[in-house]
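To start, the structure itself, in C-alpha cells.
Counting convention: from 1, in listed order, for ligands and their atoms alike.
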Amino acid sequence: MKKRVLTTRENLPGHGLDRLSEAADVVAWSAAAKPGPADLAALAPGVSAVLALGNDPVDAALMDAAGPSLRVIALASMGYDNVDRTAAAERGVVVTHTPGVLAETTADLTFALILAARRRLGAATESLAAGSWDVFRMHDYLGLDVHGATLGLIGYGQIGRAVARRGQGFGMRVLHYDPYADVTSDDGLSTPASLTTLLAESDVVSLHVPLTAETRHLIAARELAAMKPTATLVSTSRGGVVDEAALLDAVRSRRLHSAGLDVYEREPMGRELSPLVAEEHVVTLPHIGSATEPTRAAMVDLAVDNILDVLDGRPARTPLPGTAARAGVAA
Ligand code: DGY
C-alpha cells in the first residue's frame, strides 16, 4: 500500500511532485491562501511525510495529528525556523532542508539588492516613470559606489561564500563574521573579523544566518549605530534577524545610508505593508531570493528525494543537524 504524504501546496515548480505522486498518495493543501496550522493539521492524519515551504507553520499539533506514521518533514527551503524542531526530535521525525541548490541564486539576488540600494535604483525608476526626468542634473540620483567598497558578511556558509565571490569580482574588500564557520583565516575570498570590526569597517553589511534564538535581532539599534552612516544593510536571510523598527529609525534619521531587504519580520504582508516599503532609501522585495525556475525546481526535487529516501529506509540526503533520529528506519 502506498504511503500518504502531505504537501502544503498543490502546485510546485518542476516535476518533483509528479515523482512523489507516483510513489505515494499525495494529499495537498489546495486553496490559494497560505495554510494555517489548523488547516495543515486537518489534512495530516496518517501521513508519513510532510513537504512544506519555508514559511509554512509546522508545529507539534501537526505532528501529533499525523500520528506515529510520520517519519520526515521535508522543507523546500534552506531556512527552517518555521518548524518546531524540538517537537520533531522528541517524536523521532527527521527534518530536512535544501542546502546546496540555492546558494548561487540567492547570492545573485543579494548582489542585486546591494546594487539597487547603493545606486538608488528604486527611486530613480520611480522618478522616471512619474515623468520627473526633465533636465539632466549632475546632482540627481546620486548614490554610492559598490566597486572597491568593503563588504561585511554576517554568516559565512554556502550563500555567504557565494556573495564573497561576487564581491571579489567587484574589487571589494570582503570581511566575514561567523562563529560557526570552519574558515578561521583568510581563504582568499574573505577575511574573518569580529562583529565589532565588521560593523565599523563595512560599507555593505549582508546577512546570511538562519533565524534562531541566537540570531533574533542580531542587528538592532546598537549594531546599526555602530555602522558607518554611509553604509548599506542587506538581508536575504530571515526577517527576524533585523529589528525592523530600529532599521526604520536609522534610515529615516539618515544614520544609515540605505537598506536592501528581501525578508521581513511579518511575511507575507498582503496590503498591510511595512513602513519600510515606502522608504526612499530602502529597496524591498517579496522574499524572492531563490526565485528562479531551475532553482525552485531543484529545491522541490531535493525535498522529494529526502522524502523518498527516508520512506524507503535510506538516510535523508540533507537532514538538519540533530534531527535525523529515525533516518534510515524503514517505515
Ligand atoms: C529559503 O530557502 O530559506 C528561502 O528563503 C525560501 O524559503
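- Side-chain heavy-atom separations under 4.5 angstrom define the hydrophobic clusters, and the remaining members of the one that includes Tyr141 are Leu128, Trp133.
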Could you tabulate the donor-acceptor pairs under 3.5 Å formed by side-chain atoms of residues 28-43, not counting sequence neighbours?
from  : atom 1 : to    : atom 2 : distance (Å)
Trp29 : NE1    : Ala33 : O      : 2.8
Lys34 : NZ     : Asn55 : O      : 3.1
Asp39 : OD2    : Gly36 : N      : 2.7

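- What sits closest to atom 2 (O) of ligand 1 on the protein, heavy atoms only, is Met78 N, 2.6 Å.
- Listed by atom number, the atoms of ligand 1 under 4.0 Å from Met299 heavy atoms are 2 (O).
- At least one N or O atom of Gly79 sits closer than 3.5 Å to an N or O atom of ligand 1.
- Between Leu153 and Arg161, every side-chain heavy-atom pair lies at or beyond the 4.5 Å cut-off.
- Nearest to atom 6 (C) of ligand 1 among the protein's heavy atoms is His287 NE2, 3.7 Å.
- Using a 4.0 Å cut-off between heavy atoms, Leu53 makes no contact with ligand 1 at all.
- Taken together through direct or relayed side-chain contacts under 4.5 Å among Ile, Leu, Val, Met, Phe, Trp and Tyr, Ile159 and Val241 form parts of separate hydrophobic clusters.
- Look at Arg120 and Glu126 and you find no salt bridge, because none of the NZ, NE, NH1 or NH2 atoms lies under 4.0 Å from a carboxylate O.
- Where the criterion is an N or O separation shorter than 3.5 Å, residue side chain and backbone included, Arg238 meets it with respect to ligand 1.
- The distance from ligand 1 to the heavy atoms of Leu102 drops below 4.0 Å at these ligand atoms: 2 (O).
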